[in-house]
Engineer: 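Please find one structure pasted underneath; my questions will follow.
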Amino acid sequence: MKHKSQNSEEQIINTTCSSHCGGTCVLRLHVKGGVITRIETDSGQEPQLRACLRGRAYRQRVYAPDRLLYPLKRTGERGEGKFARISWDEALDTIAREIIRVRDTYGPASMLHIRMGADLAHRHTATRMAQVLALAGGFTETWGVASFQGGVYAETATYGTNYGCNTRDDLVNSRLIIMWGWNPTSTVTGVNTTWYLAQAKEAGARIIAVDPRFTDSAAAFAHQWLPIRPGTDGAMLLAMAYVMLSEKLQDQKFLDTYTVGFERFRDYVTGTDDGVAKTPAWAEAITGVPAAAIVNLARQYATTRPAALIAGIAPGRTAYGEQYHRIAITLAAMTGNIGVHGGDAAARAWESIPPFGGYPYKLRQGHDVSNPVNRMVPAPPRGAPPWYRASKVHCNEIADFIERGKAGGYLADCKLVAITNSNYVNAFPNINRIVRAFKSKKVEFIFIQEQFLTATARLADIVLPTTTFLERNDIAVGAGLAFYGYAPKAIEPPGETKSQAEIASLLAARLGVKLTEPKEEEWLRELTRDSEIPDYDRFRKQGIYRLPMSEPHVAFKKQIEDPAANPFPTPSGKIEIYSQQWADLHNPEISPVPKYIETWESRNDPLFARYPLQLITTHFKRRAGAQFENIPWLRELESQSVLINAIDAQARGINDGDTVRVFNDRGETVIRARVTERIMPGVVDIPNGAWYQPDKRGVDRAGCANVLTSDRRSPGGAYAYNTCLVQMQKL
Ligand SMILES: Nc1nc2c(c(=O)[nH]1)N[C@H]1C(S)=C(S)[C@@H](COP(=O)(O)OP(=O)(O)OC[C@H]3O[C@@H](n4cnc5c(=O)[nH]c(N)nc54)[C@H](O)[C@@H]3O)O[C@H]1N2
Ligand SMILES: Nc1nc2c(c(=O)[nH]1)N[C@H]1C(S)=C(S)[C@@H](COP(=O)(O)OP(=O)(O)OC[C@H]3O[C@@H](n4cnc5c(=O)[nH]c(N)nc54)[C@H](O)[C@@H]3O)O[C@H]1N2
Ligand SMILES: [Mo]
């Protein structure tokens with residue numbers, strides 16, 4: 001796909017949007033003279049893979065006036081934002097020199113690599129940089145998937161795998177859909193999800209939303225909205241189990257055939273083992289959901305076949321979020337909805353791409369890194385959170401790693417930080433602490449690959465400008481529907497920007513290490529060699545390869561239809577409601593029986609007297625994470641505001657549109673208030689991803705939620721973004 005600038009013929013290039021929302025929708029790029037003039041979406045074969053507002057606005061991202069086009073060197077203090085343009089040679093020579101110096105002086109574990117997704121791509125991922133660092137002697141890795149570590153942990157313990165999702169087209173087979181903390185009209189999480197929800201509704205499915213907010217998804221699809229206090233979902237699910245047990249509605253045959261440990265769960269639910277019956281009245285006091293509504297939902301879920309409990313990942317981004325996921329899965333087993341069309345395994349509502357689940361593509365992994373630092377420590381104990389190793393640092397503990405290093409029990413003192421595909425400072429909790437750590441002289445060198453001068457890039461010493469997915473060749477896979485998408489290089493990289501893979505190979509050469517990788521096209525061909533794609537060249541030309549399927553994919557169908565031949569990949573071969581692996585960890589906070597454990601910063605916390613509002617931080621329609629924040633077309637849609645219920649607003653003399661301060665002991669942000677009935681009293685919502693902008697007093701002026709959120713992590717590694725007490729005041 002080469003474009004010569006003198007070519008004035010307009011070309012239409014199909015590509016697959018690889019953005020962080022996991023949509024993987026079709027974009028039709030109009031390119032004239034090497035410039036994208038317009039972006040449309042799919043208008044071809046049904047079902048069309050139609051893109052959302054963010055994909056269609058991508059042109060403003062590619063040509064944004066603040067796009068980074070040249071390597072930068074910091075000239076002021078870290079965070080001050082003063083940079084000078086330098087050459088690639090100077091930038092890469094400096095980075096290589098620093099890597100060698102830090103490695104030889106302090107050892108490889110003193111180099112930390114922070115990497116995230118950014119694009120759902122396969123070649124141009126942060127893995128390229130990780131491979132270089134690994135070959136150069138190793139580095140300290142992070143662990144914990146911000147999106148859904150609680151769900152990943154719960155699924156691995158209960159099902160033995162991360163692949164627990166049906167394709168979204170199976171929703172039309174459901175008679176009842178429970179959208180539990182799930183708002184796909186905003187979050188997409190798989191192209192066409194809402195289209196299938198609409199079809200399910202038209203076909204007569206009953207749809208219920210359990211969410212502190214009356215979301216657009218609830219408004220469009222739900223017959224009933226049940227507002228629930230954040231972080232209390234486990235209690236409501238347990239009470240539903242209680243109702244099923246006391247009315248003998250559970251599918252005992254399913255439980256006997258496919259699960260182990262249900263009796264222990266039953267004894268916990270009925271209170272036989274701890275003296276507390278998990279009744280609807282018990283749950284009402286905790287969750288705020290009326291007992292009668294809990295009874296009603298339990299009966300519906302147990303008696304409507306098939307029924308899909310779609311267990312959103314946001315309730316799992318709370319303290320002890322892994323327990324919520326385990327209880328949801330147990331309910332899916334109690335109702336016999338696993339492995340059947342129209343049901344759902346109640347695993348994570350979003351499984352993005354391999355290795356984090358989704359459709360089980362036969363795709364080679366482009367993500368493997370053999371890191372010598374991980375071999376410096378013993379293998380993790382059985383049952384430890386997936387991807388955990390003693391050498392790795394949880395993303396919430398990076399400030400601690402920097403502050404305390406070896407003295408804090410880490411393998412090394414943190415001296416160098418490499419950041420790829422992440423706006424770490426903006427995206428992770430307790431920004432003020434992170435900024436202090438990054439500014440401290442303890443870290444001697446920070447470098448980052450970026451498209452924009454984000455809050456994180458402003459703290460770096462060297463910034464490398466990188467391409468968007470429209471400027472390099474890659475592939476994407478459908479999350480939610482089974483297809484491969486080609487994402488061709490549609491335009492030349494602007495300015496001096498370079499792709500992830502090119503940066504990695506240039507740096508490798510300077511470090512004297514050899515990346516034994518084939519060239520781009522060969523690499524992609526190799527990646528898909530054993531895949532379902534029958535003819536790679538044809539796929540490349542057509543842009544999309546849809547897997548021929550006679551019916552929607554249903555997770556665990558084989559295990560349920562023929563259990564003898566297809567055991568679950570757990571130690572017992574069954575769905576482990578009781579997890580011996582978790583029991584062996586002997587950690588009371590990682591209960592082997594799915595339990596409700598009250599969160600920290602709950603309404604019963606003494607802190608509640610000072611900070612009586614529960615903050616949630618949802619994913620915003622006009623952004624993906626913090627990406628797209630600077631896109632004018634998208635900014636027109638909605639302002640960054642804190643949602644507050646009219647009752648709470650009135651009590652504070654706050655009117656719609658007022659500027660308010662939201663604060664707790666960790667920080668403060670100034671933001672516009674939106675007074676609404678669409679969020680329950682006692683809960684406020686600040687959409688995650690506004691660009692952190694501290695004033696001279698250190699108060700954030702942009703409405704960036706992570707100055708408030710807590711960096712305490714759940715024992716299974718879940719991030720507790722939605723467990724946070726705050727107070728709000730009119731300015
Ligand atoms: N309070 C709160 N915070 C949250 C969450 C929450 O619910 N509440 N959610 C968390 C979740 S689920 C996630 S996944 C994280 C996300 O956290 P991050 O992955 O750190 O966030 P992104 O905003 O996607 O930032 C990716 C950055 O990589 C840069 N980048 C560099 N190279 C590339 C490239 O090749 N392609 C692209 N597209 N970008 C590149 C982009 O410009 C962007 O600044 O945030 C977490 N933060
Ligand atoms: N437009 C857009 N799409 C995105 C993203 C984005 O930033 N913008 N980010 C992408 C990424 S990286 C991810 S990980 C996913 C995130 O996808 P989700 O985690 O599903 O998205 P959220 O908006 O955080 O939360 C979904 C719903 O859960 C509710 N909720 C919050 N806390 C609780 C709770 O404790 N209990 C219950 N029952 N409900 C709760 C919220 O009110 C919200 O309506 O979305 C992806 N898609
Ligand atoms: Mo995420």
Engineer: Would you say the ring centers of Phe556 and Phe568 fall short of 6.0 Å from each other?
Structural biologist: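 Centroid distance Phe556-Phe568: below 6.0 Å, so yes.
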Engineer: Okay, side chain of Tyr361, backbone of Phe483: is any donor-acceptor separation there less than 3.5 Å?
Structural biologist: yes
Engineer: Evaluate the side-chain proximity of Phe265 to Pro594: yes if any heavy-atom separation is below 4.5 Å, no if none is.
Structural biologist: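 Yes, side chains in contact.
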Engineer: Do Asp211 and Met179 have side-chain heavy atoms sitting under 4.5 Å apart?
Structural biologist: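 Not touching, per the 4.5 Å side-chain cut-off.
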Engineer: So Tyr359 and Val477, do their side chains get closer than 4.5 Å, heavy atoms only?
Structural biologist: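 In short, these two side chains do not touch, never coming nearer than 4.5 Å.
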Engineer: Distance check, rounded to the nearest 0.5 Å: Trp600 atom CH2 versus Thr318 atom OG1?
Structural biologist: 8.5 Å
Engineer: Between the main-chain N or O of Arg206 and the side-chain N or O of Lys201, is there a donor-acceptor pair closer than 3.5 Å?
Structural biologist: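 No, Lys201 side chain to Arg206 backbone: no donor-acceptor pair under 3.5 Å.
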Engineer: Is there a donor-acceptor pair under 3.5 Å between the side chain of Glu589 and the backbone N or O of Pro715?
Structural biologist: no
Engineer: Any sub-3.5 Å donor-acceptor pair from Asp251's side-chain atoms to Phe254's backbone N or O?
Structural biologist: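 Yes, because the side chain of Asp251 sits within donor-acceptor range (under 3.5 Å) of the backbone of Phe254.
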Engineer: A side-chain contact here means heavy atoms from C-beta on lying under 4.5 Å apart; do Ile338 and Ile575 qualify?
Structural biologist: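 Yes, side chains in contact.
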Engineer: Quick one: which of Tyr301, Tyr596, Tyr324 gives a side chain to side chain contact (heavy atoms under 4.5 Å, CB included) with Leu237?
Structural biologist: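 When side chain to side chain contact (heavy atoms under 4.5 Å, CB included) is applied between Leu237 and each of Tyr301, Tyr596, Tyr324, only Tyr324 qualifies.
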Engineer: Donor-acceptor check, side chain of Glu284 to backbone of Ala291, threshold 3.5 angstrom: yes or no?
Structural biologist: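 Between the backbone of Ala291 and the side chain of Glu284 there is a qualifying donor-acceptor contact (under 3.5 Å).
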Engineer: Measure the spacing between OG of Ser602 and CG of Leu607 and express it to the nearest 0.5 Å.
Structural biologist: 10.0 Å
Engineer: Under 3.5 Å, side chain of Ser217 to main-chain N/O of Thr185, donor-acceptor pair present?
Structural biologist: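 Yes; at least one donor-acceptor contact below 3.5 Å.
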Engineer: Under the 3.5 angstrom rule, does the side chain of Ser579 hit a backbone N or O of Trp582 as a donor-acceptor pair?
Structural biologist: yes
Engineer: Give me the atom names and distance for the closest heavy-atom approach of Ala427 to Tyr721.
Structural biologist: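 Heavy-atom minimum between the residues: O-OH, 2.7 Å.
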Engineer: Before accepting this row, confirm whether a basic side-chain N of the pair Asp216/Lys621 lies closer than 4.0 Å to the acidic partner's carboxylate O.
Structural biologist: yes
Engineer: Would you call His619 and Asn688 a side-chain contact if the rule is heavy atoms closer than 4.5 Å?
Structural biologist: yes
Engineer: Do Ile178 and Leu297 pass the side-chain contact (heavy atoms from CB on, under 4.5 Å) test, and can you show the C-alpha distance, the side-chain angles, and the key distance before you say yes or no?
Structural biologist: CA-CA 9 Å; Ile178 310 175; Leu297 184 59; 3.9 Å; yes
Engineer: For Asn337, check side chain to side chain donor-acceptor pair (under 3.5 Å) against everything at least two apart and list the hits.
Structural biologist: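 For Asn337 the side chain to side chain donor-acceptor pair (under 3.5 Å) partners, ignoring immediate neighbours, are Thr335.
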Engineer: Answer with yes or no after comparing the ring centroid distance for Tyr153 and Trp387 against a 6.0 Å cut-off, counting only values under it.
Structural biologist: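 Between Tyr153 and Trp387, the centre distance exceeds or equals 6.0 Å.
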Engineer: Only one of Phe428, Tyr388, Trp143 passes ring-ring contact (aromatic ring centres under 6.0 Å, His included) with His394; say which it is.
Structural biologist: Trp143
Engineer: Could you check whether any side-chain N or O of Thr156 sits under 3.5 Å from a backbone N or O of Gly160, counting only pairs where one atom can act as donor and the other as acceptor?
Structural biologist: no
Engineer: Does any N or O in the side chain of Thr279 come within less than 3.5 Å of the main-chain N or O of Trp282, such that one atom is a donor and the other an acceptor?
Structural biologist: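 Checked: pair present.
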Engineer: Could you pull out the closest heavy-atom pair between Thr127 and Arg115, with the gap in Å?
Structural biologist: OG1-NH2, 3.1 Å
Engineer: When you look at Trp350 and Trp182, which way does the side-chain contact (heavy atoms from CB on, under 4.5 Å) test go after all the steps?
Structural biologist: CA-CA 9 Å; Trp350 186 35; Trp182 189 49; 5.7 Å; no
Engineer: Are Glu397 and Arg712 within salt-bridge range, i.e. N to O under 4.0 Å?
Structural biologist: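 Salt bridge flag = no for Arg712 with Glu397.
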Engineer: Do the side chain of Arg317 and the main chain of Phe148 share a donor and acceptor less than 3.5 angstrom apart?
Structural biologist: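 Checked: no pair found.
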Engineer: Which heavy atom of Pro552 sits nearest a heavy atom of Asn173, and at what distance?
Structural biologist: CG-ND2, 4.1 Å
